[in-house]
Amino acid sequence: MNMKAPRGTVDLLPENTRKWQYAEKKIKDICDRYNFNEIRTPVFEHTEVFQRGVGDSTDIVQKEMYTFEDRGGRSLTLRPEGTASVARAYVENKLFGNPIQPTKLYYFAPMFRYERPQKGRMRQLNQFGVEVLGSADPAVDAEVIDLAMTCYKEVGLSSLKLVINSLGDSESRDNHRNALVEHFTPVKNELCEDCQTRLKQNPLRILDCKKDREHPAMKNAPSILDYLNDESREYFEQVKSYLTMMDIEYEVDKNLVRGLDYYNHTAFEIMSEAEGFGAITTLAGGGRYNGLVEELGGPDTPGIGFGMGFERLLMALEAEGKQVAIEEQLDCYVVALGEQAEKESVRILHELRAVGIKAEKDYLGRKMKAQFKSADRFNSSYVLVLGDGELEKQMINVKNLETGDQIEVKLQEVVSYMKETLQGGTGNE
RNA sequence: GCGGUCGUGGCGAAGUGGUUAACGCACCGGAUUGUGGCUCCGGCAUUCGUGGGUUCAAUCCCCACCGGUCGCCCCA
């Protein structure tokens with residue numbers, strides 16, 4: 001029996017979930033300020049959603065999908081990325097008919113890709129992402145990029161690089177594609193195996209091939225930027241000028257093409273420049289996908305979005321030495337001695353919690369000394385000591401662990417006493 | 001899919017071809033019969049990843065497999 005988590009998956013234990021919650025909270029708050037709303041789509045979709053959405057020629061569809069057949073013979077796939085699902089939901093729920101437009105959505109969800117795990121790469125990964133559907137305004141492109149950069153900055157990252165490019169509209173892309181085929185066909189046999197396939201399927205991706213990077217034909221390869229028609233060029237110029245207006249630094253990389261078929265016009269990537277980050281530096285990637293909604297059966301609707309790897313975000317924080325220290329602390333630990341006191345302590349614990357006090361007790365039948373140790377370990381501000389002696393007097397001892405001061409309080413009043421004391425701020429500062 | 005490296009208690013980490021597998025941390029108990037963070041004492045591995053082989057004998061040698069980790073491809 002194999003009782004280990006499957007390869008490429010991990011358990012996130014409390015020590016880590018605290019960090020996740022910290023980052024999630026910050027990011028959700030930013031989404032709210034930018035007026036984005038959360039969408040939650042199923043973890044799996046009909047396989048066609050990704051085949052059509054992400055594109056058959058992509059690595060994701062060709063070799064990375066978790067595809068299975070359900071008992072009804074349907075082919076389903078665990079989502080490898082967020083955009084196709086959101087676009088499908090947008091069409092299915094006719095969100096295009098909503099009077100509030102554009103539709104600004106965000107999600108925080110697990111994704112699945114069948115790959116060999118390594119640093120910063122998991123089979124189940126978590127992404128935060130946003131999608132804006134229904135506007136072809138370059139200011140929206142800039143807003144989405146701004147949002148992504150703001151998330152990183154407010155969470156605490158600083159060594160970032162934003163890289164952008166334009167893939168142009170379909171006319172520009174077609175012209176560029178033809179130019180690429182014409183350019184590379186004469187040297188086809190000198191290219192790597194993958195690129196020979198790409199030449200037929202998706203010549204654009206030859207440009208970011210790592211193996212053929214040094215090939216002489218790469219240096220003077222037709223750049224998409226030279227094939228942008230007037231409209232596409234103007235669009236790109238506007239996106240850039242908006243970024244400049246917001247003081248967002250960027251670098252144009254004409255070889256940035258992104259791995260998914262649906263992109264056009266703006267494509268961007270955000271990378272970490274922190275030292276010791278391992279082989280992986282891409283933190284987030286995104287772009288515009290104006291034909292996607294139509295491809296999935298909806299009306300012709302422009303869209304743009306990005307996906308941000310959450311594991312990588314946290315790795316980057318660590319690489320930059322940013323500690324996300326959220327110290328665990330307890331208001332009050334109830335030490336009980338004796339059978340009657342033990343029972344009474346359960347009631348007190350309940351009452352304390354009912355008025356908003358974070359409280360705990362021992363459940364392992366430990367001796368007093370060990371119970372105090374527990375209280376220390378929980379970093380408790382106070383300990384309430386209740387023994388049969390106190391119980392007889394209807395009193396309870398309240399001890400401040402920081403000062404060591406201890407006073408006796410009426411059992412009946414201990415909850416309100418604690419509430420007052422804690423609110424007075426004499427506890428843990 | 002390919003390549004490097006690793007696999008000893010809850011964690012970290014020594015170690016040897018031979019009937020008791022160091023040490024540190026953590027944990028539990030006691031010194032201290034009802035008051036903590038210090039100290040001292042004691043306790044804490046019957047699969048040394050799994051299976052097979054070599055050997056009188058293997059945790060240690062050999063092989064295979066599995067798993068972790070890092071890298072290639074690609075990406076978040």
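Throughout, protein chains are lettered first and strands after them, A, B, ... in sequence-line order, and every chain is numbered starting at 1. Nothing here was measured: the structure is a model prediction, and the numbers come from that model.
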What distance, rounded to whole Å, do you find between the two P atoms, one in B:G51 and one in B:G30? 40 Å
Please figure out whether A:Val383 or A:Lys369 has its closest RNA chain B nucleotide nearer the 5' end. A:Lys369
Touch check for A:Gly338, heavy atoms < 4.0 angstrom, all strands: base, sugar-phosphate only, or nothing? nothing
Between B:C38 atom P and A:Phe372 atom CZ, what is the distance in whole Å? 15 Å
How far, in whole Å, is B:G37 from B:U8 if one measures between their P atoms? 34 Å
RNA chain B contacts among residues 153-165 of chain A, heavy-atom distance under 4.0 Å: none
Determine, for nucleotides 70-76 of chain B in 5'-to-3' order, which nucleotides have protein heavy atoms under 4.0 Å from the base (write B), from only the sugar-phosphate (write S), or from neither (write -). SBBBBBB
Under 4.0 Å between a side-chain N/O of A:Lys367 and OP1 or OP2 of B:G30, yes or no? yes
Measure NZ/A:Lys373 against C1'/B:A26 and give the value in whole Å, please. 11 Å
Any base atoms under 4.0 Å from A:Gly389, or only sugar-phosphate, or nothing? Heavy atoms, all strands. base
Pairwise P distance, B:G15 and B:G7 [rounded to whole Å]: 12 Å
Looking only at atom C1', what distance separates B:A45 and B:G12, rounded to whole Å? 15 Å
Could you tell me whether A:Gln62 contacts a base, only the sugar-phosphate backbone, or nothing, with contacts defined as non-hydrogen atoms closer than 4.0 Å? nothing
Ring of A:Tyr363, cation from A:Lys361 - is the NZ or CZ under 6.0 Å from the centre and inside 45° of the axis? yes
With a 3.5 Å cut-off and sequence neighbours excluded, list the donor-acceptor pairs that the side chains of residues 246-260 of chain A form with protein atoms.
from	atom 1	to	atom 2	distance (Å)
A:Asp253	OD1	A:Asn255	N	2.8
A:Arg258	NH1	A:Glu269	OE2	2.8

Euclidean distance for P, B:C11 against B:A26 (whole angstrom): 16 Å
Under the criterion side-chain contact (heavy atoms from CB on, under 4.5 Å), I'd like the reasoning laid out for A:His265 against A:Ser232: C-alpha separation, chi angles, the key distance, then a yes or no. CA-CA 7 Å; A:His265 287 288; A:Ser232 298; 3.6 Å; yes
Any side-chain hydrogen bond (donor to acceptor under 3.5 Å, both in side chains) involving residues 302-318 of chain A? Give me the pairs, sequence neighbours left out, ordered by first then second residue. A:Asn126-A:Glu311
Side chain of A:Arg7: nearest nucleotide among B:U35, B:G29, B:G67? B:G67
Output field: ring centroids A:Phe128/A:Phe310 closer than 6.0 Å: no
In whole angstrom, give the distance that lies between atom CD of A:Glu390 and atom C1' of B:U35. 10 Å
Looking at A:Tyr34, I want to see if its OH is surrounded by more than 12 non-hydrogen atoms of other residues, nucleotides or ligands under 6.0 Å. yes
Whether the side chain of A:Gln371 and the base of B:G34 hold a donor-acceptor pair under 3.5 Å is what I'd like checked. no
Could you tell me how the ring of A:Tyr262 sits relative to the ring of A:Tyr289: parallel (under 30°), tilted (30 to 60°) or perpendicular (over 60°)? perpendicular
Report the distance from atom CG of A:Leu364 to atom P of B:C28, rounded to the nearest whole Å. 9 Å
Remember a base hit wins even if backbone is also touched, and classify A:Gln406 as base, sugar-phosphate or nothing at under 4.0 Å, heavy atoms. base
Is there a donor in the side chain of A:Ser158 and an acceptor in the side chain of A:Glu320, or the other way round, less than 3.5 Å apart? yes
Between B:A58 and B:C38, how far apart are the P atoms? Round to whole Å, please. 45 Å
Contact list for residues 279-292 of chain A, test salt bridge (charged side-chain N to carboxylate O under 4.0 Å, His left out), sequence neighbours left out: A:Asp141-A:Arg288
Within a strict 4.5 Å, meaning less than it, do heavy atoms of the A:Phe184 and A:His215 side chains meet? no
Within the side chain of A:Glu390, is there an N or O that forms a donor-acceptor pair under 3.5 Å with the backbone of A:Gly387? yes
Whether the A:Thr67 and A:Thr77 side chains hold a donor-acceptor pair (N or O, under 3.5 Å, no angle test) is what I'd like checked. yes
Work out how far the C1' atom of B:A14 is from that of B:C70, and round it to whole angstrom. 25 Å
For the pair A:Asn379 (side chain) and A:Gln329 (backbone), establish whether a donor and an acceptor sit closer than 3.5 Å, ignoring hydrogens and angles. no
With P as the reference atom in both, quote the distance from B:C62 to B:C72 in angstrom, rounded to an integer. 30 Å
Treating a pair as Watson-Crick (purine N1 to pyrimidine N3 plus N6-O4 or O6-N4) or G-U wobble (N1-O2 and O6-N3) with both distances under 3.5 Å, list the stems of 3 or more consecutive pairs that involve RNA chain B. B:1-7 with B:66-72, B:10-12 with B:23-25, B:27-31 with B:39-43, B:49-53 with B:61-65
What nucleotide, of B:G36, B:U35, B:C27, holds the atom closest to the side chain of A:Met368? B:U35
Between P on B:U35 and CZ on A:Arg366, what's the gap in Å once rounded to a whole number? 18 Å
